[in-house]
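Residue indices begin at 1 and follow the sequence shown. When reading the values below, keep in mind they use all heavy atoms of this one structure, side chains included, and skip hydrogens, waters and symmetry mates.
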Amino acid sequence: MSACVPTRATQPTDSATPERLHQPHSPPPAPRRRFHLAGADVSASIAVFLIALPLSLGIALATGAPLQAGLVAAAVGGLVAGRFGGSALQVSGPAAGLTVVTADLIHRYGWRTTCAITVLAGLAQLGLGCLRVARTALAVSPAIVHGMLAGIGVTIAVAQLHIVLGGTPQSSVLANLLALPAQVAAGRPAALVVSALTLILLFLWPRLPGRAGRLLRKVPAALVAVSGATAVASLTGLTLPRVELPSWSSHALAGLPEGPALGLVAAVLTITLVCSVQSLLGAVAVDKLVAARAASPDGAEPTDGTSSAAIGSASPTGSTTATASPATAPSAPRVARSDLDRELLGQGAANIVSGALGGLPIAGVAVRSSANVRAGAVSRNSTMLHGVLVVVAALLMVPILELIPLASLAALVMAVGIQMVSLHHIRTVTRHREVLVYAVTTLGVVFLGVLQGVALGIAVAVATALHRLAHTRITHDEKEGVHHVRVRGQLTFLAVPRLSRALHLVPHGAPAVVELDGSFMDHAAYETLQDWQKTHTAHGGTVEFGGRRPGLRIAEPVIPHADEDADCRCGPWTPWRNHQCDLTSLVPATTDDADRRRTDTVTATSTSTSTETATGPGTPTPTRTRTAAAENTPPESAGAKSADVPPDDTDDGRNRDTDRKETDPPPTAHQLVRGISAFQRNTAPLVRDELERLAREGQRPSQLFLTCADSRLVTSMITSSGPGDLFVVRNVGNLVPLPGEDSGDDSVAAAIEYAVDVLEVRSITVCGHSGCGAMQALLNAEPGEAHTPLKRWLRHGLPSLERMADDGRPWARLAGRAAADAVEQLCLTNVVQQLDHLRAHASVDRALRAGALELHGMYFHVGEAQAYLLTEGKVFDHVRPVDVPV
């Protein structure tokens, strides 16, 4: 077999050359700053403007403020918050979440004082932004936030229902509910017709079917609903109260605050709290939407409902690690992750300007922000341009705006209020057993006010947390001779007496299972369990720790000479750093070896670090513990997330087999038995239910994964797959013999046919890897060598070698760098060549023609622990976290 070594130079990874060079050791020339307005930003700004215009008027109507105040807030939110805020794509303006608070302030202090309160709230936000406490402000229970929004939504809906019916709302929810029967009895048909038409268009427009429906749905439903109702009211001549926009010359600006100092301080704090929390939650949610948009194939949001749900269900912890540096699309500019402290500063500046100009309080708005992301905006220019459009409409479209019936705007705002009571939020808090906090916060906001309701919700959340921490249920029972001790709840020192009492009900020498179901264990409870375990096992008993949460599994501690397995500190979940078993512990111990192992154990004990969840803070004894992060992780892939004790590095490995007798089994046999035993004891209980299901239903893998037999490639780990997900075919060199060749081995072709025709997999991946021994053998082969089975098999790699030596074909390459050497270049080329071999198989060709199958090329660099996927341009591109859908 001849070796074809490539002679041409490595192709450059980037053919683009810089236009101008500067002298070395001199600063580079400053880039020319030029304003650039992307077409995507223009279209997105128009879409946001069409939504913001009717909503701003409706929210101003709901608060009882001058209708022009809504337009002022929308314009300032776009221009000021859009320019200076920390979230590039969040749209700010008058928010429905502020309606109740603002309406109450106007009723108590009047409009001019309310504007002054808005200015003071903006100053408070600037102070919080300078103190960099944005992340701290987000540390609010989700149940409290969602309960606050739901309470505000109920208040809005009940109040606007009176205007929908043609009447006037009262000052409180209770008063509105009491006056509702009389309002219904009054019956104003004109208002009912306009309101009903608005609601019908609002809910049916996003559900228009067919291709024409997809085109029509690009027009915002809010604009269609208000425009349709206005047109019907104007054409039929209905007599209804309509929008009245007085001359801008008579527009009321902010005045000096008048009222009791304590009440004004409470008002400022309320506006600051609601505006800040809503804006920061919105910024976090916008990051998630941008990441989801970048991960989708077309760079667009998948559905209309997804964005609003994501905005509404933003995590209050402010964690945006999963959406680091999202990009809008593969070819679009990268959208930076939100700077929450800067966002707080931007919101504060916007509230100062809006209040001074006689506008409503400003916060980040969910509906407009999600529309901005969904429309494809790539920079803050879209938000600012939407503010400019609002200014133009406020100055030039007054005659058109004054045709809008108030009943139509009220119906629009009422629908927004109803949507703020999210069933998704209710299901979430119910699943996390926080429905009491949610309900108390909602009712408190409805009947007492926003600030009082939130304070009440915080008090209930704290009480609930303390109750959960102190309330622990411990039971003991016996089944078939095995004693089960079950712990439900958090294990703290308060539960130690009851835990000790239950553990001592287990007789000496009996098998015992301790099931832990909780997320916290303090040091006192851990020591109680460990002391009892040592005593129980010393009297001949066995102890197994389990529980529904794998993070709470506590295996037996490393005790020298307790049993043969305890001396090896490589468990099934051992971290992969320097993963090497101490083979000395697998052979019968002499006195010297035992002393040395005992010393090694003490060393490992003094240097190891255990997880606080499983071992308690400050506990020095290492245990084989599976961390909570490994929950729902396949056994092969969970190894990298373990909290096991690192292997001992003090043993230099010399004279490992000196004292092993000839009659002793080899160390590898001990290792196999030990591994199986550890699986049966630790891993099998975790995967038994899933494997039972797969045994009943049969395998239904979605992928055929064809890779090398190299032991360093753990397929389940690098693809985050579980049992039943991958149909794996491994051979030396990840080769796919061409059909019809006399290979003497049809196993690969048989596996391909079975996977495609019988299992109906949807994709086939050919995965090569760095440092492949088969590719090295191909390059180093000499003519005339003996035709061993390995050499005969490697003949299927010769087309890859010839492809790499062909000057007429471009080389497959890695994105961002050239191949390290000829072996890596051949590994890359081999993946491309084997994909061509796959297409030659009849079953694969049929599935590809039918559109039922996809082929993927993959390269795994072992040393970097990085995966690369083959693109259309024969470039293996790095798989970044942002490419993964959330």
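- Contact detail for Thr113 and Pro257: the closest heavy-atom pair is CG2-CA, 3.9 Å.
- In this structure a side-chain-to-backbone donor-acceptor pair under 3.5 Å is missing from Ser354 to Ala350.
- A distance of 9.5 Å separates CD1 of Ile163 from CD of Gln183, quoted to the nearest 0.5 Å.
- Put simply, the side chain of Ser276 never gets that close to the backbone of Leu273: no donor and acceptor are under 3.5 Å apart.
- Note: Leu180 CG to Leu161 CG = 5.0 Å, rounded to the nearest 0.5 Å.
- Applying the 6.0 Å contact sphere to CD of Glu402 captures more than 12 heavy atoms from other residues, nucleotides or ligands.
- At a threshold of 4.5 Å between non-hydrogen side-chain atoms, the residues Pro260 and Tyr109 count as touching.
- Ile106 contributes atom CD1, which lies 6.5 Å from atom CG of Leu360 (distance to the nearest 0.5 angstrom).
- The number of heavy-atom neighbours closer than 6.0 Å to CG of Leu396, taken from other residues, nucleotides and ligands shown, is above 12.
- Listed for the Arg380 side chain is a donor-acceptor partner under 3.5 Å among the backbone atoms of Gly85.
- Atom OG of residue Ser195 and atom CG of residue Leu412 lie 11.0 Å apart, to the nearest 0.5 angstrom.
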Q) Checking side chain to side chain contact (heavy atoms under 4.5 Å, CB included) for the pair Leu53/Leu71: CA distance, chi angles, key distance, verdict? A) CA-CA 7 Å; Leu53 191 63; Leu71 299 178; 3.7 Å; yes
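- Side-chain contact between Val265 and Leu269 is present, with at least one heavy-atom pair separated by less than 4.5 Å.
- Put simply, the side chain of Asp341 gets close to the backbone of Ala134: a donor and an acceptor are under 3.5 Å apart.
- For the side-chain contact (heavy atoms from CB on, under 4.5 Å) criterion with Val194, the lone passing option out of Val226, Leu199, Leu238, Val232 is Leu238.
- By the 6.0 Å contact criterion, CZ on Arg342 is enclosed, its count of non-hydrogen atoms from other residues, nucleotides or ligands being greater than 12.
- When all heavy atoms of Leu344 and Leu128 are compared, the closest pair comes out as CD2-CB, 3.6 Å.
- Here the side chain of Trp205 pairs no donor or acceptor atom with the backbone of Ala222 at under 3.5 angstrom.
- Scanning for side-chain hydrogen bond (donor to acceptor under 3.5 Å, both in side chains) contacts around Thr383 gives an empty result, with sequence neighbours left out.
- The two residues Thr236 and Ala233 make their nearest non-hydrogen contact at OG1-O, 3.6 Å.
- The two residues Leu385 and Ser45 come nearest to each other via the heavy atoms CD2-OG, 3.1 Å.
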Q. Passes side chain to side chain contact (heavy atoms under 4.5 Å, CB included), Leu79 versus Val388? Steps please.
A. CA-CA 7 Å; Leu79 292 172; Val388 174; 3.7 Å; yes
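- Formation of a donor-acceptor pair under 3.5 Å by the Ser382 side chain with backbone atoms of Val378 is not found in this model.
- When side chains are defined from C-beta on, Asn351 does not count as touching Val119, because their heavy atoms never get closer than 4.5 Å.
- Not a single donor-acceptor pair under 3.5 Å links the side chain of His146 to the backbone N or O of Tyr438.
- Looking at Ser279 and Glu343, their side chains never bring a donor and an acceptor atom within 3.5 Å of each other.
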Q: Starting from the C-alpha separation in whole Å, work towards a yes-or-no answer on side chain to side chain contact (heavy atoms under 4.5 Å, CB included) for Ser56 and Val390.
A: CA-CA 10 Å; Ser56 300; Val390 172; over 6 Å; no
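- Side-chain contact between Gln452 and Leu456: absent, with no pair of heavy atoms (C-beta onward) separated by less than 4.5 Å.
- Atom OG1 of Thr168 sits about 10.5 Å away from atom CG of Asn176, to the nearest 0.5 Å.
- In this structure, the side chains of Pro405 and Thr230 come closer than 4.5 Å at one or more pairs of heavy atoms.
- Listed for the Thr272 side chain is no donor-acceptor partner under 3.5 Å among the backbone atoms of Gln125.
- Annotation: side chain of Val158 is in contact with side chain of Val154 (closest heavy-atom distance under 4.5 Å).
- Results of the side-chain contact (heavy atoms from CB on, under 4.5 Å) test with Val416 over Leu202, Leu55, Ile156 single out Leu55 as the only residue that passes.
- Here the straight-line distance linking atom CD1 of Ile404 with atom OG of Ser227 works out to 7.0 Å at 0.5 Å rounding.
- With hydrogens and angles ignored, the 3.5 Å screen pairs no side-chain donor or acceptor of Asn372 with any backbone N or O of Arg368.
- Heavy atoms of other residues, nucleotides or ligands lying less than 6.0 angstrom from CZ of Arg83 number 12 at most.
- Side-chain atoms of Leu406 and Val243, non-hydrogen and from C-beta on, do get closer than 4.5 Å to each other.
- Around CG of Leu262, the count of heavy atoms belonging to other residues, nucleotides or ligands within 6.0 Å does not exceed 12.
- The minimum heavy-atom distance between Gln90 and Ala283, with the atom names listed, is OE1-N, 3.2 Å.
- For the pair Val437 and Val429, the minimum side-chain heavy-atom distance is 4.5 Å or more.
- Annotation for Leu89 and Ala377: closest pair CD1-O, 3.6 Å, computed over non-hydrogen atoms.
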Q: Take Arg188 and Leu165 through the side chain to side chain contact (heavy atoms under 4.5 Å, CB included) test and state the conclusion after the steps.
A: CA-CA 6 Å; Arg188 297 170 178 84; Leu165 297 174; 5.8 Å; no
